[in-house]
Structures are given as structure tokens and as C-alpha cells.
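Worksheet for the structure shown next.
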Amino acid sequence: MRKFKRPFWKQSGRFFAVYLNMQADTRRFFSAALLLGAVFCAVYLRAAYPPPPEVKPERRWGAPRLLVSDSVLYGFVRELLAQSSSDMSPEGMAHADFYISRVLLEHNTYPVARTRLFRYAVRERDWTLGELCSRDHLLAPADTAFMRLQMKFSSGFGLEQRFLPNHVVVSADKVWTMREQSKRPFALLDMLKAHYKTNDYSCLTSPLFSRDGKTVIVQISTICGGLCGSGETWVLKRRQGKWRKVRLLNSWVS
């Protein structure tokens with residue numbers, strides 16, 4: 001007749017009965033041996049099967065920002081565009097605070113350059129932030145610390161077409177592909193002009209926000225040819241529902 005093994009709970013019950021009937025010293029020795037064996041097994045398994053390395057997410061263009069949300073960033077960009085004009089004539093600029101072309105580059109990068117350049121209007125260790133705080137009192141110490149955190153931890157800022165339906169956004173990948181296809185230094189500019197029917201295009205640096213979001217440092221640049229372009233870096237403050245120019249940090253013309 002075939003014999004069946006006793007169920008596990010009955011075997012374990014018998015084991016505990018034997019364990020409880022042991023002498024106190026024997027029971028302590030047996031418990032210590034079991035604990036030592038468990039520790040040895042844990043150390044062996046840890047050494048033999050180490051945990052997989054921690055996966056660090058790669059930050060790409062347009063990745064989620066750690067400090068300033070997309071809604072805040074694009075809210076600022078849309079308000080800036082609403083205060084701007086793409087017509088450089090006196091009539092077009094009569095009621096505009098900024099000139100920004102209707103064609104925008106996704107990133108603040110000069111298309112003719114051989115490298116992709118993503119940067120803020122000021123650098124992390126720049127003296128500008130310190131002077132805006134201590135001398136001009138346009139920023140509080142908490143604002144400069146918050147801006148440096150943005151530069152250190154936030155991902156590269158890029159414009160997206162779906163958020164700016166009234167403008168044309170040229171993606172960085174397209175610019176780079178056209179740059180590789182062009183056979184002469186400024187052929188890319190001619191290609192952009194032919195494709196988008198414009199003589200110039202604008203780009204923005206990543207906006208740097210104060211702690212309360214009411215002060216921004218940003219550079220607005222416009223490229224109009226091979227060696228033709230201009231840019232201005234402004235400290236803007238939000239007053240009465242508009243972004244007002246408070247301080248021109250630097251400007252360039254070529």
C-alpha cells in the first residue's frame with residue numbers, strides 16, 4: 001500500500017513539540033545555530049546574487065522639469081509672444097515690447113555651429129546673480145539659490161509646436177539634419193529661408209524664474225543671416241498682468 005507523506009503543518013507541529021521539550025540550554029544553543037545559519041545564508045545569497053545596478057534615467061530634451069512645470073514655462077512663453085511682434089517696422093512695433101519672429105527654433109542654438117548649444121542667459125557661477133541680489137535688489141537670496149538649482153537640475157528647455165499654434169517651431173533634430181546635409185557654411189540658412197518663407201527666426205534661452213515666479217531672466221535672440229543677428233538678455237518682472245523690462249543685462253549685434 002502506497003504511503004503518503006505527512007502534511008507540512010503536521011511535521012512542523014511535531015518539530016515545535018520536540019523543540020519545546022528541550023532543555024533550556026539546548027534550546028538556546030539550537031536557536032543560536034539557526035540564527036547563525038540564516039545570517040550565513042543571507043550573506044552568501046547577497047554575495048552570489050548581487051542586486052542589479054540602479055537605473056538612472058537619461059534626461060532628454062523636453063523631459064519633465066524638476067523645479068518649474070511645463071505649464072509655468074509655457075505660460076510665460078505665450079505671454080511673452082503676446083507682448084511681441086513679428087513685424088519690425090515702426091507700425092508693427094508700436095504696441096509691442098519685444099521683437100520675436102513667427103518662426104522659432106526649438107532650442108537656443110545657432111544652426112551654423114557644429115555643436116548643439118543649450119544654455120541659460122546667465123551661468124551658474126556668474127557674478128550677475130550676485131549683483132542683482134546685493135547691489136540692485138532685484139532678486140532675493142532665495143531667488144538666486146532657486147535659479148542656481150534650476151540651472152543644475154532642470155533639463156534642457158525646448159519649445160513645442162503643440163503649445164504654440166500661432167507660431168512655427170523648427171525642431172532641433174530638423175535643424176541638425178539640415179545642417180549635416182548642407183555642403184557650404186551658410187547653406188542651412190538658405191534652406192530654412194526657402195522652407196519657412198522667412199528671412200529671420202528667433203530663439204529663447206531657458207527662462208530662469210524667481211522663487212515666486214514673478215521675476216524672469218531670459219535672452220531673446222534673432223538670427224537674420226550668416227553673420228547677421230542680435231540678442232538681448234533681460235530681467236523681466238510681472239506687473240499688472242504683463243512682463244515689464246526692468247534691467248538689460250547684455251546685448252549683442254552682429
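The basis for the numbers below is simple: all heavy atoms, side chains too, and nothing from hydrogens, waters or symmetry mates.
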For this session: Applying side chain to side chain contact (heavy atoms under 4.5 Å, CB included), run through Leu159 and His107 and close with a yes or a no.
Result: CA-CA 7 Å; Leu159 300 176; His107 290 286; over 6 Å; no

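- Heavy atoms only, all atoms of each residue included: Cys133 and Pro141 are closest at SG-N, 3.6 Å.
- In terms of modelled atom types and a separation under 3.5 Å, the side chain of Glu106 and the main chain of Gly158 share no donor-acceptor contact.
- Phe146 contributes atom CZ, which lies 13.0 Å from atom CG of Leu129 (distance to the nearest 0.5 angstrom).
- In this structure, the salt bridge (Lys or Arg N to Asp or Glu O under 4.0 Å) partners of Asp97, at least two apart in sequence or on a different chain, are Lys242.
- When the shell of 6.0 Å around NZ of Lys245 is examined, it contains more than 12 heavy atoms from other residues, nucleotides or ligands.
- Using a 3.5 Å distance cut-off with no hydrogens or angles, the side chains of Asn250 and Thr233 do pair a donor with an acceptor.
- Inter-residue side-chain proximity for Leu236 and Phe76 is flagged as met; some heavy-atom pair is nearer than 4.5 Å.
- Lys237 places a side-chain N or O within 3.5 Å of a backbone atom of Leu138 that can act as its donor or acceptor partner.
- Between the side chain of Ser202 and the backbone N or O of Ser101 there is at least one donor-acceptor pair closer than 3.5 Å.
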Exercise. Hey, mind stepping through Val68 and Gln150 against side chain to side chain contact (heavy atoms under 4.5 Å, CB included) and telling me if it holds?
Worked result: CA-CA 8 Å; Val68 181; Gln150 291 173 66; 3.6 Å; yes

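- Two rings, from Phe98 and Trp243, have their centers 6.0 Å or more apart.
- The closest donor-acceptor contact from the side chain of Asp200 to the backbone of Ile223 lies at 3.5 Å or more, if one exists at all.
- Here the closest non-hydrogen pair linking Met88 and Tyr99 is CE-CE2, 3.4 Å.
- Annotation for Val169 and Leu164: closest pair CG2-CD1, 4.1 Å, computed over non-hydrogen atoms.
- Side-chain contact check for Ser230 and Glu232: no donor-acceptor pair (N or O, by modelled atom type) lies under 3.5 Å.
- For the pair Val103/Leu192, no side-chain contact is recorded, criterion being any heavy-atom separation below 4.5 Å from C-beta on.
- Val216 is connected to Leu248 through a chain of hydrophobic side-chain contacts under 4.5 Å among Ile, Leu, Val, Met, Phe, Trp and Tyr, so both are in one cluster.
- The minimum heavy-atom distance linking Val122 with Met151 is given by the pair O-SD, 3.4 Å.
- No hydrogens or angles considered: nothing links the side chains of Ser85 and Asp87 as a donor-acceptor pair under 3.5 Å.
- Residues Val218 and Ala121 share a closest heavy-atom pair of C-CB, 4.1 Å.
- The OG atom of Ser171 sits 12.5 Å away from the CG atom of Leu104 when rounded to the nearest 0.5 Å.
- Every residue two or more places apart in sequence or in another chain that forms a salt bridge (Lys or Arg N to Asp or Glu O under 4.0 Å) with Asp136 is listed here: Arg247.
- Within the model, atoms CZ of Arg239 and OG1 of Thr215 stand 8.0 Å from one another, a figure rounded to the nearest 0.5 Å.
- No continuous path of ILVMFWY side-chain contacts below 4.5 Å connects Leu81 to Met93, so the two sit in separate hydrophobic clusters.
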Problem set entry | Worked verdict on Phe163 versus Val77 for side chain to side chain contact (heavy atoms under 4.5 Å, CB included) | CA-CA 10 Å; Phe163 294 133; Val77 172; over 6 Å; no

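- Between Tyr196 and Lys174 the shortest heavy-atom distance is OH-NZ, 3.3 Å.
- For the 3.5 Å distance criterion, the side chains of Asp212 and Ser210 qualify, holding a donor opposite an acceptor.
- Going from atom OG of Ser84 over to atom CZ of Arg102 covers 15.5 Å, rounded to the nearest 0.5 Å.
- Between atom OG of residue Ser206 and atom CD1 of residue Ile217 there is a gap of 12.5 Å, rounded to the nearest 0.5 Å.
- Put simply, CD1 on Ile100 and CG on Leu204 are 5.5 Å apart, with the number rounded to the nearest 0.5 Å.
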